[in-house]
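Below is one structure, written out as structure tokens; the observations come after it.
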Amino acid sequence: MLSREENALLTRVDRGTPMGTTLRRYWIPALLASELPEPDCPPVRVRLLGEDLVAFRDTRGRIGLLDEYCPHRGASLFFGRNEECGLRCAYHGWKYDADGRCVDMLNEPEELHFKEKIHITSYPTEELGGIVWAYLGPPERRAPLPKFAWTQAPPTHRHVSKVIQESNWLQGVEGGIDTSHAPILHRLLTNTSNRPGIKPSNPFFRGKAPRLVVDLTDYGYQYAGIRPLDEGTVHIRAYKFVMPFHQIRPSASDSGAFVVAGHIWVPIDDATTMVYNWVYSDDEPLSDADRLERRAGNGPLDVDQTTFRSIRNRRNNYLLDRQVQKTETFTGIDGINTQDRAIQESMGAVVDRSREHLGPADKAIIQARKLLLEAVKTVEEGGTPRGVAPTYYRLRAGEGVLPRDADWRQLLASDVSRAEILQTI
Amino acid sequence: MLSREENALLTRVDRGTPMGTTLRRYWIPALLASELPEPDCPPVRVRLLGEDLVAFRDTRGRIGLLDEYCPHRGASLFFGRNEECGLRCAYHGWKYDADGRCVDMLNEPEELHFKEKIHITSYPTEELGGIVWAYLGPPERRAPLPKFAWTQAPPTHRHVSKVIQESNWLQGVEGGIDTSHAPILHRLLTNTSNRPGIKPSNPFFRGKAPRLVVDLTDYGYQYAGIRPLDEGTVHIRAYKFVMPFHQIRPSASDSGAFVVAGHIWVPIDDATTMVYNWVYSDDEPLSDADRLERRAGNGPLDVDQTTFRSIRNRRNNYLLDRQVQKTETFTGIDGINTQDRAIQESMGAVVDRSREHLGPADKAIIQARKLLLEAVKTVEEGGTPRGVAPTYYRLRAGEGVLPRDADWRQLLASDVSRAEILQTI
Amino acid sequence: MLSREENALLTRVDRGTPMGTTLRRYWIPALLASELPEPDCPPVRVRLLGEDLVAFRDTRGRIGLLDEYCPHRGASLFFGRNEECGLRCAYHGWKYDADGRCVDMLNEPEELHFKEKIHITSYPTEELGGIVWAYLGPPERRAPLPKFAWTQAPPTHRHVSKVIQESNWLQGVEGGIDTSHAPILHRLLTNTSNRPGIKPSNPFFRGKAPRLVVDLTDYGYQYAGIRPLDEGTVHIRAYKFVMPFHQIRPSASDSGAFVVAGHIWVPIDDATTMVYNWVYSDDEPLSDADRLERRAGNGPLDVDQTTFRSIRNRRNNYLLDRQVQKTETFTGIDGINTQDRAIQESMGAVVDRSREHLGPADKAIIQARKLLLEAVKTVEEGGTPRGVAPTYYRLRAGEGVLPRDADWRQLLASDVSRAEILQTI
């Protein structure tokens with residue numbers, strides 16, 4: 001439970017808000033690199049933390065991320081022309097390079113040198129792991145890029161997609177670091193169903209209510225949901241929460257191989273979120289089936305690749321089938337992440353956290369809120385918030401069945417993070 | 001005419017508003033019983049007086065009416081599972097019975113007894129006359145159920161439907177107790193038209209401007225519109241207004257037999273109303289044609305039975321046909337109640353009553369407002385408002401042509417209400 | 001650049017606002033005369049300066065423009081009956097003549113004389129040039145009608161259309177008096193393209209950045225954009241701005257003949273504008289092709305003639321074709337005025353003029369704002385704003401190539417305006 005004031009503090013992201021200022025200290029996914037497929041391709045609208053922007057890839061391949069509106073008289077540069085190393089406004093031909101400098105004007109005489117006085121807001125960008133990342137914070141505080149392991153995998157072994165969620169970003173984050181809901185919301189009712197979900201035969205499903213252990217680290221935390229099984233063993237599922245909005249979790253490829261996956265919940269504005277979905281494999285390359293993401297419901301057959309809106313959405317109750325809900329799946333909704341979005345959007349644009357009733361199974365969520373509030377305070381005091389420094393190159397996640405008294409951290413053995421565990425709670 | 005303050009007082013219904021508090025002292029139609037056709041059927045969203053609720057029928061047939069949002073973290077129970085005498089949230093499996101008790105949790109260990117601390121807002125319900133009624137007021141003031149005659153008729157002799165009106169509830173009530181508009185808005189231009197409406201040959205149509213007589217009673221009032229005819233006779237149409245939002249009026253079955261009908265205007269929120277339509281016959285059973293309600297425009301061929309929105313609505317000008325308006329009907333809109341909704345919605349979500357110009361023909365409307373303001377005052381002073389006590393089991397309505405000096409109350413002879421006429425104005 | 005306060009002052013038009021009061025001193029286009037094609041035809045909704053109105057043509061051909069809502073109880077007169085020299089409300093049959101007098105009531109006895117107390121807001125109208133003009137200001141200040149030359153042309157030589165723009169009116173005006181954008185926004189990339197636009201071979205296109213000269217007059221101003229050509233000549237394009245929202249410009253008929261054209265940007269409300277488009281020829285009659293307006297994108301094949309919304313609009317990015325933008329036209333959007341609307345709507349409903357960066361090419365825009373602010377001040381001080389007195393019957397516009405030292409005003413030689421040039425800036 002949060003006070004209404006704390007809830008507002010954590011959820012509002014516009015420029016000038018405390019959380020907006022804090023988030024702007026991190027590198028933020030702005031769009032998929034594939035949305036700007038080649039030099040001089042069409043510009044793309046990007047809305048990030050309540051700011052309207054436009055992205056373009058210039059003639060030399062550099063990516064610019066500019067204020068959407070021309071400083072001259074406010075026309076949208078989305079209608080502009082991407083040509084000869086700059087984006088040119090269609091109204092009077094003012095042209096900006098990727099750094100935001102005005103390099104040409106068609107309606108004023110060259111000899112006035114008027115263009116030299118004009119600059120448009122531009123943000124630094126970097127391409128990494130199939131995503132164009134942007135830095136919207138103060139230039140003198142610009143952090144190194146977050147080189148997660150998945151961003152380092154070759155494209156054959158990595159897949160990234162995105163989909164719009166019609167709720168505040170924190171509802172997404174809190175769903176993503178809540179292992180407790182997984183074998184409930186996503187459960188199958190029978191072992192014979194072919195729909196995506198967790199079968200009754202799965203130890204994850206069979207385990208009792210989980211005990212949560214959280215290891216605080218310099219990047220956020222790692223935590224395990226420990227579910228006692230009947231045979232003197234426990235089922236373990238171990239995640240990472242990387243500040244401010246990254247989740248890293250164990251998953252399986254379409255063929256059943258172990259892979260690491262994750263989401264990033266990027267605020268479009270207070271009421272809308274762009275969810276990035278990534279997966280990578282250390283071993284086999286990913287298959288076409290992996291890239292369709294039918295199981296998650298995030299792929300091109302389920303999400304419009306122009307608007308990035310799911311065909312299963314609030315307006316059609318996510319195509320909920322009550323008969324399927326009776327006999328096959330817990331929700332009657334198809335797609336693991338569609339189920340997540342459905343339930344998180346059903347709370348309203350920004351859920352009122354002053355009305356919650358949290359229990360021990362919500363420990364990871366409570367901890368994430370504390371870290372986010374800590375980050376806001378750190379920034380207000382002039383410091384660098386947790387997770388900005390990129391010490392987490394090789395963070396992994398894990399899942400397995402262990403003897404009751406084993407240490408679950410062995411599941412993360414290939415995690416070569418230099419991060420120390422600071423405190424276990 | 002009302003002041004802007006009085007208008008706001010009468011039209012706002014959220015919890016905590018004076019009229020909202022007053023309306024919560026009455027039993028309120030929540031949904032059709034047929035929307036919950038059998039035990040363990042899918043839950044249904046219900047919005048009532050600005051509150052988001054969810055209704056379900058449990059394994060034993062009991063109806064629960066709960067806050068839509070799970071107290072745990074705010075997920076919508078509309079996506080929940082109706083199973084084994086309770087509605088279970090799809091997110092973490094918290095389950096509530098029809099009384100709002102949390103009877104199970106899937107994400108917390110049983111031994112914590114956490115569920116015993118959790119309760120969801122639930123409201124008492126009763127099935128009566130094909131409607132699920134709800135009581136949203138203070139438990140210690142719960143009134144007996146309103147057993148109108150029509151709720152006592154057997155299903156063969158009774159029909160109930162509902163349709164959404166895109167305006168405040170009071171616009172509906174005021175249209176419903178305004179006999180003065182009926183032979184104007186609903187008139188036919190010729191005796192040969194087959195469209196629904198009042199023909200020029202009808203004495204109702206032929207009568208002059210009505211004189212209104214209102215008998216105040218303990219439930220609200222009965223009133224007559226008395227229209228002089230040329231032959232030394234008068235046309236009488238006698239209605240009931242039962243506090244706070246019931247109308248009872250004379251009508252005719254599809255075959256022309258006398259029946260009693262009525263509407264109930266239930267606030268969904270300040271700007272939207274669910275109109276319930278009922279009819280019953282003392283004599284012959286109702287026919288399939290009666291249940292289609294083509295004449296009124298309230299039936300399954302005219303109203304989507306999932307959304308309860310009319311196919312004739314604001315967005316398409318109610319399929320107004322200007323040629324029909326020139327030659328056949330006064331409005332060019334098909335359906336008696338569609339005409340009512342069209343004209344009432346055309347006033348805007350909440351009409352500004354400070355700009356009205358009322359005349360003698362608006363006497364019944366003026367009186368209803370006085371009674372509603374009186375009820376608000378009574379409740380504020382700790383009393384029980386008029387119409388809460390169910391003294392009106394057998395209220396009827398009537399229509400006929402009488403000699404000029406006859407008492408119109410004889411038309412209500414079969415009205416065996418014990419209600420006294422308190423005052424005639 | 002304007003302060004936020006000045007921007008609000010210029011853009012807000014509701015009754016009671018300073019600019020709303022000022023605009024109400026001018027005659028304002030309310031609808032096309034063709035929307036009321038004959039006596040007793042259906043009434044038409046009109047929204048003007050934030051006021052909901054209804055227009056009708058009575059049995060004798062007189063046009064009434066009334067408050068949309070009946071003074072009785074607020075029903076919309078759009079659903080009313082246009083019959084026997086009056087518009088009758090469908091609810092209770094109250095009937096109003098074109099002057100707003102209540103001339104009949106169906107629900108009150110004649111002998112009460114109640115109708116004599118009732119009056120509905122009505123505005124004077126005049127038909128002129130294919131448009132119904134309305135005067136919404138104080139009766140004692142009613143100005144003479146604005147008899148522009150184009151309103152005097154015979155219907156064979158004149159064409160008028162209208163289309164909704166989803167932005168504040170001032171964005172339209174400022175685009176319309178900005179000659180600087182024309183050879184940029186509207187340019188073609190090749191001489192061989194068949195799409196509408198300005199070809200590279202056109203001297204207008206070939207000219208350098210324009211120098212602007214503005215002659216202030218009693219009606220507003222005339223101004224020229226003077227573009228040096230290489231051959232010791234200049235290209236001239238001379239416009240008129242007639243207060244408060246008229247543009248007069250040189251144009252060409254479909255067959256290439258010189259014609260005079262213009263727009264009027266009429267505020268529907270703060271966020272929406274009705275753009276009227278007119279053209280007339282002194283010589284040849286206009287052709288069917290002229291009336292289709294394919295080049296402008298304002299005609300019946302491009303604009304829905306019921307809603308007056310363009311099929312190319314914000315919701316579909318104006319059917320922008322990025323391939324066409326690469327190879328044929330500057331914008332990839334079809335239709336000269338569709339391009340204007342696209343770019344003006346892209347600024348948002350009301351552009352924030354405190355963030356602009358204006359240059360010498362924006363001189364005419366700056367001047368128009370000064371005149372509009374002056375008009376507000378004049379009205380506040382009890383005077384008559386510039387342009388109300390109709391001294392501008394024969395204002396024209398012109399375009400041509402002249403020797404560098406010629407006076408561009410010779411292009412307006414047939415302009416027989418009595419208006420003096422008050423000051424040249």
Side-chain angles (χ1 to χ4, degrees), chain A residues 1-2 7 167 170-171 174-175 178-187 189 205 207-212 225 227-228 314 317-318 320-323 325-327 329-333 339-348 350-363 365-366, chain B residues 15 35-45 47 51-52 54 56-57 59 67-84 87-96 100-102 104-121 306-307:
Chain A
M1 190 174 133
L2 294 178
N7 198 32
S167 83
L170 191 57
Q171 269 154 260
E174 292 184 350
D178 165 37
T179 187
S180 126
H181 79 266
I184 303 167
L185 181 70
H186 305 311
R187 69 170 49 175
L189 304 180
F205 182 110
K208 296 193 172 46
R211 182 168 66 84
L212 267 63
R227 290 175 168 82
R314 281 201 310 136
N317 287 327
Y318 310 91
L320 165 59
D321 182 325
R322 292 288 189 186
Q323 187 55 32
Q325 188 180 29
K326 275 275 182 219
T327 58
T329 73
F330 204 70
T331 60
I333 294 170
Q339 293 160 3
D340 288 317
R341 283 196 300 279
I343 212 76
Q344 291 162 17
E345 292 177 356
S346 85
M347 302 170 171
V350 182
V351 70
D352 180 357
R353 290 178 176 80
S354 74
R355 301 185 57 191
E356 293 174 331
H357 294 78
L358 300 184
D362 300 304
K363 189 180 191 176
I365 290 170
I366 294 165
Chain B
R15 181 165 287 278
E35 293 180 78
L36 296 173
E38 58 188 19
D40 290 340
C41 62
V44 172
R45 285 191 187 99
R47 189 164 158 83
E51 299 185 37
D52 289 330
V54 62
F56 70 106
R57 190 185 294 269
T59 312
D67 186 352
E68 182 182 343
Y69 304 106
C70 180
H72 176 212
R73 288 194 22 230
S76 169
L77 293 172
F78 170 78
F79 293 101
R81 301 177 57 79
N82 184 6
E83 55 185 25
E84 292 165 39
L87 187 62
R88 191 186 285 280
C89 180
Y91 207 0
H92 299 89
W94 293 21
K95 180 171 158 183
Y96 306 93
R101 276 182 306 221
C102 184
D104 195 28
M105 285 180 175
L106 294 182
N107 70 328
E108 297 286 1
E110 185 75 27
E111 55 272 27
L112 276 186
H113 301 287
F114 187 34
K115 72 183 182 192
E116 293 162 20
K117 299 181 193 159
I118 302 299
H119 203 280
I120 192 169
T121 299
T306 307
T307 61

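Not measured: the values here are computed from a predicted model. Sequence lines set the chain letters: A, B, ... in the order given, protein chains first and strands last, and positions in each chain run from 1.
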| message | Counting heavy-atom pairs under 4.5 Å with chain B, which one of A/Pro360, A/Ser180, A/Gly348, A/Gly359 comes out on top? | response | A/Pro360
| Non-hydrogen atoms of chain A under 4.5 Å away: do they reach the side chain of B/Cys70, the backbone, both or neither? | neither
| said: Quick check on A/Gln344 against chain B: is it the side chain, the backbone, both or neither that has a heavy atom closer than 4.5 Å? | reply: side chain
| query | Does the B/Glu108 side chain pair with the main chain of A/Ala361, one donor and one acceptor, at a distance under 3.5 Å? | reply | yes
| said: Using heavy-atom distances under 4.5 Å, tell me whether A/Thr329 contacts chain B through its side chain, its backbone, both, or neither. | reply: backbone
| request: Under 4.5 Å heavy-atom distance to chain B, tell me which part of A/Arg322 shows up: side chain, backbone, both or neither. | output: side chain
| note | Comparing A/Lys208, A/Gln325, A/Gln171 against chain B, the one with the most heavy-atom pairs below 4.5 Å turns out to be A/Gln325
| task | Tabulate, in ascending numerical order, the residues of residues 36-43 of chain B having at least one heavy atom closer than 4.5 Å to a heavy atom of chain A, or enter 'none'. | result | B/Asp40, B/Pro42, B/Pro43
| Given that the side chain runs from C-beta out, which part of B/Phe114 has a heavy atom under 4.5 Å from chain A: side chain, backbone, both or neither? | side chain
| field | A/Glu174/A/Arg353 salt bridge by N-O under 4.0 Å criterion | value | yes
| Closest heavy-atom pair and its distance - B/Tyr96, B/Pro71 | OH-CD, 2.9 Å
| said: With a 4.5 angstrom heavy-atom cut-off, is it the side chain or the backbone of A/Asp178 that approaches chain B, or both, or neither? | reply: side chain
| request: Measure the spacing between OH of B/Tyr91 and CG of A/Leu185 and express it to the nearest 0.5 Å. | output: 7.0 Å
| In Å and rounded to the nearest 0.5 Å, what is the CZ to CZ distance from A/Phe205 to A/Arg187? | 3.5 Å
| query | Under a 4.0 Å N-O cut-off, is there an ion pair linking B/Glu116 with B/Arg101? | reply | no
| query | Between the main-chain N or O of A/Ile333 and the side-chain N or O of A/Gln339, is there a donor-acceptor pair closer than 3.5 Å? | reply | yes
| remark: Here the gap from B/Arg88 atom CZ to B/Leu77 atom CG, rounded to the nearest 0.5 Å, amounts to 12.0 Å
| said: Quick check against the 3.5 Å criterion: does B/Ser76 have a side-chain atom that pairs as donor or acceptor with the backbone of A/Ser346? | reply: no
| query | Got a donor-acceptor contact below 3.5 angstrom from the B/Lys95 side chain to the B/Glu84 backbone? | reply | yes
| message | Tell me which of these, B/Asp52, B/Asn107, B/Asn82, has more heavy-atom pairs under 4.5 Å with chain A than the rest. | response | B/Asn107
| field | Segment of A/Ile343 engaging chain B (4.5 angstrom heavy-atom cut-off) | value | both
| Hey, does the Lys NZ or Arg CZ of A/Arg341 hover above the aromatic six-ring of B/Phe79, less than 6.0 Å from the centre and inside 45° of the axis? | no
| field | N/O donor-acceptor pair under 3.5 Å between B/Glu51 side chain and B/Arg15 backbone | value | no
| query | Quick one: of A/His186, A/Glu356, A/Met1, who has the most non-hydrogen atom pairs under 4.5 Å with chain B? | reply | A/Glu356
| remark: Turns out that what part of B/Leu106 lies under 4.5 Å from chain A's heavy atoms comes down to both
